[in-house]
Amino acid sequence: MPEAAPTRSVLWRLLDRAFPPPGGRQRQGRRPPSLVYGLNDPVPRPNLLTLASQHAMLAATFLLYPILAATEVGLPAAQTTSMLTACALCIGIATVLQCLPTRFGSGYLAVHIPSPGAIPLALQALTLGGMGLWGATMFTVGVAQIFVARLARPLRVLLPPEVCGVAVTMLGVSLAGPAFRRALGMATESAEVAPAAFMTGAATLGLIVAVTVFAPRGLKLFAMLTGASLGWVLAAMLGVDHPDAARIIADTPLMAWPEPTLPDLRIEPSLLPLMALLVLINLVDVLSVTVSLERMNDADWRRADMRAAQRAVTACGIGNMLNGLSGGFQSGLSSSSVGLAFATQATARVIGIAAGALIFAIAFFPKAIVALTLIPSPVIGGILLYTSAYLVVAGMDLIVSRRLSERRVFLVGLSVLAGLSVALLPLKEQIPAALQPLFSTPLTVAACSAILLNILFRIGIARETGEKVPEGAHAFPFARDFLEKQGDVWGARRDVIAAAIPTVAQALELITDSGLAEGPVELRARFDEAHLDVYLLYDGEIVQPPKERPSPEALLGDAQEVAGFTAYMLQRLSDHVRFGRSQGRARIALRFDH
């Protein structure tokens with residue numbers, strides 16, 4: 001027994017390195033006052049059941065995607081039912097794992113749903129090798145996602161808020177197309193608007209918005225449930241629900257044990273390009289959803305928490321491995337659940353855990369699965385329109401949170417236009433089949449364009465720069481012009497630059513007015529996405545800050561007392577300050593957290 005302890009210790013360290021736990025420096029944000037139930041809040045049982053049911057019901061409606069794939073390739077009814085039950089089981093487990101604050105989940109209210117982007121891959125895999133090859137393909141994608149999750153943190157520099165903002169905005173735009181088609185009753189792009197479907201979709205959307213905006217705080221929790229219920233009743237009255245819904249539900253058994261399908265032990269090489277694209281698309285999609293959830297839970301949000309994103313991708317990988325082993329359908333995070341969380345102003349992770357448990361339980365009730373997939377299309381369209389509107393605005397808010405230089409203006413503008421080109425032009429049919437998933441939605445095109453343009457536009461931007469302070473220059477205008485110029489180049493947060501300007505000006509006045517500098521003063525700045533460091537270099541004496549708080553009368557004393565008071569204030573105005581020497585010159589180093 002004593003010899004086993006070192007081995008366990010080594011294995012535990014390897015586990016910590018591969019799957020970092022959420023502890024340590026995990027960010028604890030300030031709770032927005034509008035939230036009814038915050039991330040860590042307990043939820044009373046009646047409200048918990050209602051909120052979780054809304055998320056579970058919304059997630060189950062997306063089982064339409066595996067139904068579409070199965071119908072397209074002509075899978076037998078037994079295999080289709082098996083795929084649906086296995087998918088419900090796996091997304092339920094993955095949702096619980098995702099919402100738990102462990103090393104294998106983000107800890108946010110993030111619900112898993114079948115991924116629509118996986119339909120092209122599913123069609124090819126099912127055609128080439130049936131359920132066995134499809135299971136092996138999903139399992140391989142899941143393993144790849146777990147490995148790619150390790151790259152999430154190093155990519156933080158390449159994924160600043162403006163890139164994340166483009167992704168979130170275009171996530172909303174990507175939902176807008178199918179949402180409008182459903183809400184207007186347009187089965188195809190050339191179909192005409194169906195008045196009954198329009199009335200149903202408009203009523204659903206209008207009631208959700210009305211409850212969200214005008215209802216008392218407690219009733220906001222039931223916004224989506226209220227809108228969906230009224231929409232379903234109206235759809236039945238107007239005859240826009242599924243014509244054979246009653247017969248289909250009646251022919252489906254009430255309860256049944258899931259019958260998983262084991263994967264083959266082979267991979268089709270021709271599917272590898274599509275698999276790689278899906279892994280990349282999932283990474284961008286997960287980052288967009290987690291950033292939206294972070295902003296909802298943190299009133300002082302600054303930048304993406306890449307540790308949380310890494311764990312979110314890991315949970316997606318585990319979920320897809322389970323789907324592969326059981327014959328389910330590839331899954332990802334639901335952007336619609338983000339809109340639902342915003343509508344209800346409830347982001348408690350316990351809601352997601354309960355929703356995952358409900359989705360898991362649905363797998364044993366085929367009749368419930370079929371009933372949820374028969375929710376009238378205009379009702380789903382109204383819900384998706386609400387989600388789309390929230391995501392578009394949330395993405396714009398992310399974009400303008402930073403100072404926009406010419407580089408960033410073109411990064412955002414060109415990326416958005418690239419994404420819109422997919423929605424406005426028939427480009428998908430004119431590119432090779434292997435690349436079509438990349439052009440399947442505005443999100444993937446815009447996000448990839450933003451990442452590539454961010455890499456391109458970083459060329460020529462120095463991480464550190466400096467200027468000599470002209471003799472007789474006024475401290476505040478010089479510090480303002482220097483920091484605003486560099487803030488635009490670096491894309492720094494507006495509030496951080498605004499807070500740094502008076503502090504740096506005060507430090508500059510301390511050096512020049514007290515006679516500490518024996519010659520010119522050099523002002524330098526360095527930026528690394530996490531910190532803004534400003535250095536004042538000069539030849540002369542080092543500033544000696546007082547060890548105790550000086551009295552206000554020090555401002556009426558000699559130059560040394562005034563300098564000591566100013567040095568003390570610098571320690572209070574910046575996040576960190578150091579007085580010392582660097583390469584033989586005296587230095588004041590000011591740090592501002594970004």
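Values in this document were obtained by computation on a predicted structure and should not be read as measured data.
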>> If you apply the rule side-chain contact (heavy atoms from CB on, under 4.5 Å), what do you find for Thr226 with Ile208, and how did you get there?
In response: CA-CA 7 Å; Thr226 304; Ile208 294 175; over 6 Å; no

>> Within the structure provided, determine whether Met321 and Ile146 are in side-chain contact (heavy-atom separation under 4.5 Å).
In response: yes

> When you measure from the side chain of Arg182 to the backbone N and O of Gly381, does any donor-acceptor pair fall under 3.5 Å?
Replying inline: no

> Does any non-hydrogen side-chain atom of Tyr37 lie less than 4.5 Å from one of Leu51?
Replying inline: yes

> Does any non-hydrogen side-chain atom of Leu420 lie less than 4.5 Å from one of Met170?
Replying inline: yes

> Within the side chain of Asn47, is there an N or O that forms a donor-acceptor pair under 3.5 Å with the backbone of Val43?
Replying inline: no

>> Just by distance, no angles: are the side chains of Asn323 and Gln330 close enough, under 3.5 Å, to form a donor-acceptor pair?
In response: no

> Any side-chain heavy atom of Val166 sitting closer than 4.5 Å to one from Glu162?
Replying inline: no

>> How close do Ala197 and Pro378 get, counting heavy atoms only, and between which atoms?
In response: O-CB, 3.5 Å

>> Tell me if the CZ atom of Phe198 is crowded by more than 12 foreign heavy atoms within 6.0 Å.
In response: no

> Donor-acceptor pair, Trp134 side chain versus Gly328 backbone, under 3.5 Å?
Replying inline: yes

> Looking at Leu89, Ile91, Ile93, which one forms a side chain to side chain contact (heavy atoms under 4.5 Å, CB included) with Leu322?
Replying inline: Ile93

>> Are Cys316 and Gln98 packed together at the side-chain level, in the sense that at least one heavy-atom pair is separated by less than 4.5 angstrom?
In response: yes

> In Å and rounded to the nearest 0.5 Å, what is the OG1 to CG distance from Thr204 to Leu230?
Replying inline: 6.5 Å

> Can you tell me how far the CG atom of Leu234 sits from the OG1 atom of Thr200, to the nearest 0.5 Å?
Replying inline: 4.0 Å

> If every non-hydrogen atom of Ser334 is compared with every non-hydrogen atom of Ile113, which pair is closest and at what distance?
Replying inline: CB-CG2, 3.5 Å

> Which value, rounded to the nearest 0.5 Å, describes the distance between Leu58 atom CG and Ser53 atom OG?
Replying inline: 12.5 Å

> Checking Arg31 side chain against Leu35 main chain: does a donor-acceptor pair fall under 3.5 Å?
Replying inline: yes

> So do the side chains of Tyr386 and Val209 get within less than 4.5 Å of each other, counting heavy atoms only?
Replying inline: yes

> Within the side chain of Thr314, is there an N or O that forms a donor-acceptor pair under 3.5 Å with the backbone of Phe104?
Replying inline: no

>> Testing the basics here: between Ala183 and Leu385, what is the closest heavy-atom pair and its distance to 0.1 Å?
In response: CB-CD1, 4.0 Å

>> Side chains of Gln345 and Ser34 only: does a donor on one sit below 3.5 Å from an acceptor on the other?
In response: yes

> When rounded to the nearest 0.5 angstrom, what is the spacing between OG in Ser115 and CG in Leu121?
Replying inline: 10.0 Å

> Does one side chain, of Arg349 or Asn40, offer a donor that lies under 3.5 Å from an acceptor on the other?
Replying inline: yes

>> For Met199, is the CE atom crowded, meaning more than 12 foreign heavy atoms sit under 6.0 Å from it?
In response: no

> His55 and Leu340: side-chain contact (heavy atoms from CB on, under 4.5 Å), yes or no, with the steps?
Replying inline: CA-CA 7 Å; His55 282 278; Leu340 176 56; 3.6 Å; yes

> How many angstroms lie between CD1 in Ile353 and OG1 in Thr95, if you round to the nearest 0.5 Å?
Replying inline: 10.5 Å

> Do you know which two heavy atoms are closest between Ala315 and Ala94, and how far apart they sit?
Replying inline: O-CB, 4.4 Å

> Between Ala341 and Leu109, what is the shortest heavy-atom contact and its length?
Replying inline: CB-CD2, 4.3 Å

> Would Thr169 and Ile399 count as a side-chain contact (heavy atoms from CB on, under 4.5 Å) if you check the C-alpha gap in whole Å, the side-chain angles of each, and the deciding distance to 0.1 Å?
Replying inline: CA-CA 9 Å; Thr169 298; Ile399 292 170; 4.1 Å; yes

>> Could you go through Val350 and Leu48, starting from their C-alpha distance and side-chain angles, then the distance that decides it, and tell me whether this counts as side-chain contact (heavy atoms from CB on, under 4.5 Å)?
In response: CA-CA 8 Å; Val350 67; Leu48 176 62; 4.1 Å; yes

> So, Thr85 side chain and Ser82 main chain: donor-acceptor pair closer than 3.5 Å or not?
Replying inline: yes

> Would a 4.5 Å heavy-atom cut-off, applied to side chains only, mark Met275 and Val279 as touching?
Replying inline: no

> Are the side chains of Pro114 and Phe329 in touch, meaning some heavy atoms are under 4.5 Å apart?
Replying inline: yes

>> What's the separation between atom CD in Gln54 and atom OG in Ser337, rounded to the nearest 0.5 Å?
In response: 12.0 Å

>> Tell me the closest heavy-atom pair linking Pro66 and Leu84, and the distance in Å.
In response: CG-CD2, 3.8 Å

>> When you measure from the side chain of Asn320 to the backbone of Ser331, do you find a donor-acceptor pair of N or O atoms at a distance under 3.5 Å?
In response: yes

> Hey, is the main chain of Ala450 close enough, under 3.5 Å, to the side chain of Ser415 for a donor-acceptor pair?
Replying inline: yes

